[in-house]
Structure formats: structure tokens, C-alpha cells
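Below is one structure, written out as C-alpha cells, with a few remarks after it.
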Amino acid sequence: MELAARLSLMSFEQACRAVVSTLKRTIPLASWAVTRHDGDRQVFVAVEDDVYGAVAGDSRAWADSFCRSMVAGETPPIAPDVSAVPEYAARALALGLVVGTYAGAPVRAADGSVVGSLYGQDPMVGADDLLRHAPLLELLAALLGQVLQGDQREAEARHGAADLCWRATHDPLTGLPNRVLFSQRVQHALAVRRRQRHPLGVLLLDVDGVTVVDGPDGPVVDAPVVDGPVVDGADGHATAERVHAEVARRVAGTLRAGDTLARLDHDAFAVLIEDGGDPHAAAGRVLDCLRAPVEAHGASVTVHCSVGVVELPVDHPPTDVDAVLARPDAARYSDEHAVESPVGVHDLLPADPALRLLGALRWAIAAGDVELHYQAIVELGEPDVRSFESLARWRLGGRWVPPEVFVPLAARSGLLPALTAHLMDTACAQLARWSADPGHPGTRVGVNVSPDSLTDPAFPDLVAGCLARHGVRADQLVLEITEDALLTDLDAAAVVTARLQALGTPLSLDDFGTGYSSLRHLRHIPLATFKIDRSFTRDLDTDPGAERFVAALLQLGRDLGMEVVVEGVERPGQLAVLRRLGCRYAQGWLLARAVPAADVRWTADLDVDAHDRPTRLDCTSVC
């Protein structure tokens, strides 16, 4: 029992050595060993051998091993006199071994399969009392099997943790760093710049659209170019992914070894240029490399893109990572660069495009010009739509400014509380209009809430006032929060969310799995729903690992008694997998796009196939 306790604390190799050493002292055979199966080979893991010359790491064919016939049950596991067992004697003769005694036991995995052998042998004939050691050999072999299973579980856990870490910091399509990892590298580069006074540059590449110049059915004339790649047909999604993968490959080929290329979003890439590189020259190389069409699934695709540039010279005052990442966006969406070269040059002067964009955003919030579009959350077993997510949209100078540009800008400038209040009021007003229609009395709308709202004691009063002003039931307004909202002050957030729960307003955790929360937040925050981020849905119909991961999250929701919404449903194959997994709620442009309230459809087409909708990756739609 003492040995069993010690084995449980060891790795498999350590346990093998301990068992062999114990048996060598306990049962006087010339050789004791533990082996593992490796295909058709038997590999020695641990061995103490006085006669045969075997050492750890040696191997031999499994077909030539005494252990094979022992495992197969063709010969007894313990033979004090091998010559009395014709099969053993013949095998010893064929191998040129002098064996008088053999004793062995199989090492089995949890499913009962044999993964190795524990055995001893000696050229001398042993005593008949060797048979009394059979229970000991079986016990030690079983213990080794348990230790091996523990090692395998630990290895799987490490691999799973590494895979989750990689998924959290990389884009699965291109393998490039994502926004999280890129931000960390920019933060490090800024720290190095402050110490060593190295210049720093950032490029933001936006794939504005693609045109199919020549498709599989012939040339396409005047194909539309809009805010996001558009390709028609069943292969549209695959074509768009092929385009983005080729963009990543070409851009990477223009960069220096020390530059960092990242994919921030579906249509947005970024480049960090350190050690004195010229970002303007790099922008020119990037644009040049994308001039040639991309061949994708039989189509010749022309890529339309723009590049924002920010340069921090060594004498520029210190700045932070958010400012660096926001400024190329601001350069591309400012009036100054709206009709100029696709390379938006940003010089960080006080009167820069970011400030002009900020002024326009402040006015738009005050004037109520930031509007809401609504995307249906579809219950897969019901055609009638009852729930929507509201998504902020802002048009400046006739062009949509992506939320990933103006929302972070509002957060950094202190405008987010005002923006949240405006969007909540807009959503409640629309809910009141829909609820007045006898056909839509129980409609629910989700509104994205800023992280700071969850620690603001006045926020529940703001919600209650908005509901009362428009005569909307509390359970119709769903407050969607991100995982980052739970990191600042969990105790304060628990107090605010408890008041919201008492008010009757449900909470939904958006983009679950992409932030830094843990399961303890699901215990302490009264969440009614969590939404599985689209990054976990992207490969759902092509990657069995992604399917298993989503299945686990769906089961987690069931076990916690929470509704689970799967985001990013873009292909019929993804929808088919979700149905097979028993998913109840889904969201994505395959089922419904984000549209103005006047264009909302109240019946979902649940019989979509690959030809029903054009494939579209829309950088202005966060769905």
C-alpha cells in the first residue's frame, strides 16, 4: 500500500523505475522490465537486467516478444520452467535466448486495451512458489496503468490549455496574432521605445471589398464593391476565406523579420514596425503586393483595400496602446483622407483626424444620430422571431464608421455612458412600438452595455427610468455585457447586477470565451444567457475539435440552467452541426442580418441552403 501511494505521485517513467527496482529486490529474477507498445515495437521504459543486456530505450518487434503470447492468453503469465511450455521454449530458441523462467502481466489503459507489459525473466529454472507472486504482478501492472492514465490526462489538459491559449491570442484562419496579442506586442514596443528611444510605426490594413473579375461561370462585369467582401454563390464563404488567407500571405512576404503582422478582425490586418523601419514605405509595399488578383475557387478576385499609417518618432511624447491602435482608423475615416490616396498618413499632431472624429462622434451622440440596427436571435425550432440584438451604427459623411472604431473612441474619451444611455433609450422606444403591435407583445431586445456601467450604482436607476418612460416590461430589455466587464470590481458588479435582477432585467454575457473571465463569474453574477463567440463557430462544420468545444459549452449552459446563443452562424453546415448538438438559439447573417427596425423580418427562414444567400463578410456588422 505504501508503494501504491508513492506511485500515485510519480510520472509513468518514474513509477516504472520504482516498480522494477521493487521487483528486483523482492523476486530474484535476473531481469525485470516495463515496456510500452509503440506500433509494432515493444519499447523498454525501465529495466534492471543482469544477463540479457537490455537498457531503457531499447526496442524489439512485438511479434518476437514473450509478452505477446502472454497478453493473447496463448501461454500462462507465469512459467517457472519455460521448457515445459512448448510455445515459450520455441520462441526462446528462435530468439537465441536462454530462458528458464518467465513472469509477466499486461499494463492496460482505461478502456482495457494493452499499452505495455510488466515482466521478468531468468536463464535459470525458478521455483514453483513463483506462482504465488501472480497477484502482486497484476496489482503493480494495474497501478502502472492508472499512473499512465493520469499522465495522459495531464498531457491532454496541458494540450487543451495550450490550444485555448492559442485560440485566445491567434486568428484561426491565418494563424496570425489577433487583436489581443497584437495589443500586447504594441504595449511592449511602446515600453521599449520609452527606454531605448526607438521609433515605432503601425499600419492598419482594411480590406474594403473584393470584386470577382472572372468567376467559374464566366466574367462578372461591374461586380459591386461595398463595405466588406462580397462574393455570390455557394462557395462564397470559402472564397472570402481564401482571399483573406492570401492577403495575409502576401503582406507577410513584404515585411521584415522583426515586424509583426496580425489579423484584428475579418477584414482588418495590422502591422507593427519597430527598430527604425519606414511605415510609409511598408504601406506602399503592402498595396503593391495586393494589386494582382487572387485566384480562389476558380474565380479571379481583385482586392480593394486602404492602409492607415501612424508613426511615433523618438522625440514624440509617451502615448498608450489604445491611442496607437485608434489613430490609423481615425486617419482612414476622417474627412481629410476620405477622397485621398488609400494610404492614410497620420502624424499625431494636436489637430489630428482622431480629434476631428471625436468631435463628430460627440455631436452625433448628442443629436441622436448614432442609430440601432437589429439582428434576430433565432430559436431553431420556431420560425417566429421574438428576440433581437441591437447593434450601434454611425454614418459619417455618407460612409459607415465601423463600431470597432467609434466605440473604443467613445470609451477612451468618456462618451461611452452617454452613448449607452442613448442606445438604451432608442431600443426601449422601439420595443414600445413593437409591443403595441398585437403580433409582437413579448419581443425582447438586447443592448450592449459598457463595462463601467456594471460598477456604477446609478446604472440600475437609469435602466428603471428608461423602462418606465417607454412603458416597457423589464424582461423585454436584455443587457449584454462582455467578459471584461467582470474584471474591474467583481464585488461592485455583483451589487449592481443583483439590483438589475431584482428589477427583472435579464443579463447576457456576450462573446463568451474571448475575454478573461472565469467560471466563478458565472456563479457570482446573475446571468440568464451567455453567447458563444463567433470565433468558436467559424470552423464548426470543418473541425471536429471545434464541434466538441461548442458541444461542451452548450452542455455547460444546460447544467447551469442558462440559455446559450451561438453567434456567427454563416453557413448551412454550421447550422446543421448546431441542430445535431441540440442548440436552441443561434444568431448570424445566414439566419438574419442586422437591419434597421423598418426592415426587420419576424419569421426566420430555417430551411436555408447554400444558394439562398450571398456570402458576405461585412466589416460594419458585428453579428
Side-chain angles (χ1 to χ4, degrees), residues 365 368-380 382-394 403 407 416-450 453-454 459-460 462-482 485 497 500-501 503-512 526-531 562-569 584-589 591-604 621-623:
I365 294 173
D369 285 348
V370 180
E371 59 187 91
L372 285 178
H373 287 189
Y374 299 86
Q375 184 177 37
I377 298 172
V378 176
E379 187 172 358
L380 298 184
E382 297 289 339
D384 294 337
V385 175
R386 299 183 179 89
S387 298
F388 298 87
E389 179 183 359
S390 61
L391 300 166
R393 297 291 183 260
W394 178 35
V407 173
L416 205 50
L419 177 60
T420 299
H422 162 65
L423 297 179
M424 188 182 308
D425 190 76
T426 302
C428 286
Q430 185 58 54
L431 269 173
R433 287 190 288 271
W434 281 336
S435 297
D437 185 333
H440 315 299
T443 303
R444 297 200 306 175
V445 169
V447 176
N448 291 281
V449 173
S450 69
S453 298
L454 284 197
F459 182 66
L462 173 68
V463 174
C466 189
L467 293 170
R469 185 163 56 253
H470 295 285
V472 174
R473 295 199 323 265
D475 64 337
Q476 293 182 266
L477 179 66
V478 180
L479 302 179
E480 298 202 5
I481 62 176
T482 62
T497 54
L500 292 170
Q501 182 185 36
L503 185 64
T505 306
L507 289 179
S508 174
L509 186 62
D510 198 11
D511 301 333
F512 180 69
L527 296 167
T529 305
F530 69 79
K531 304 176 79 173
M562 298 171 61
E563 292 181 357
V564 181
V565 179
V566 179
E567 299 181 297
V569 180
R584 185 176 179 183
Y585 299 100
Q587 182 179 353
W589 61 257
L591 301 170
R593 298 183 182 179
V595 296
D599 298 330
V600 160
R601 295 177 58 186
W602 293 92
T603 301
S621 177
V622 184
C623 52

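Residues: numbered from 1 along the sequence shown.
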Minimum heavy-atom distance [X]-[Y], with the two atoms named:
X    : Y    : result
D475 : R473 : OD1-NE, 3.0 Å
W434 : V445 : CZ3-CG2, 3.8 Å
C428 : V472 : O-CG2, 3.4 Å
L500 : P460 : CD2-CA, 3.8 Å
Y374 : P596 : CD1-C, 4.4 Å
V385 : A376 : CG1-CB, 3.6 Å

Task: Sidechain-backbone polar pair: S390 side chain, G446 backbone, donor-acceptor under 3.5 Å - done: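 Yes, the answer is positive, given that a donor and an acceptor are paired below the 3.5 Å cut-off.
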
Open item on the list: Checking the side chain of Q476 only, and the main-chain atoms of T443 only, is there a donor and an acceptor separated by less than 3.5 Å?
Closed with: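 Checking the backbone N and O of T443 against the side chain of Q476, a donor-acceptor pair under 3.5 Å is found.
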
Task: Option passing side-chain contact (heavy atoms from CB on, under 4.5 Å) with F530 (candidates D510, L509, L507, V565) - done: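 Per the side-chain contact (heavy atoms from CB on, under 4.5 Å) rule, the option paired with F530 is L509, out of D510, L509, L507, V565.
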
Task: Electrostatic pair D425:R469 at N-O distance under 4.0 angstrom - done: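 Here D425 pairs with R469 in a salt bridge, since their nearest N and O are under 4.0 Å apart.
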
Under a 4.5 Å cut-off applied to non-hydrogen side-chain atoms, are [X] and [Y] in contact?
X    : Y    : answer
I481 : L527 : yes
V447 : T420 : no
V407 : L416 : yes
F388 : L372 : no

Open item on the list: Using 30° and 60° as the class boundaries, would you call the ring planes of H440 and W602 parallel, tilted or perpendicular?
Closed with: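 H440 vs W602 ring planes: parallel.
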
State the [atom1]-[atom2] distance between [X] and [Y], to the nearest 0.5 angstrom.
X    : Y    : atom1 : atom2 : answer
L423 : C466 : CG    : SG    : 10.5 Å
L477 : T505 : CG    : OG1   : 6.0 Å
R393 : D369 : CZ    : CG    : 16.0 Å
S453 : L479 : OG    : CG    : 9.0 Å
S387 : Q587 : OG    : CD    : 10.0 Å
M424 : L431 : CE    : CG    : 11.5 Å

- [ ] Please determine, by modelled atom types, if H373 and Q375 share a side-chain donor-acceptor pair under 3.5 angstrom.
- [x]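 No.
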
TODO: Please say which of E563, E379, E389 ends up in a salt bridge (Lys or Arg N to Asp or Glu O under 4.0 Å) with R444.
DONE: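 The residue from E563, E379, E389 that satisfies salt bridge (Lys or Arg N to Asp or Glu O under 4.0 Å) with R444 turns out to be E563.
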
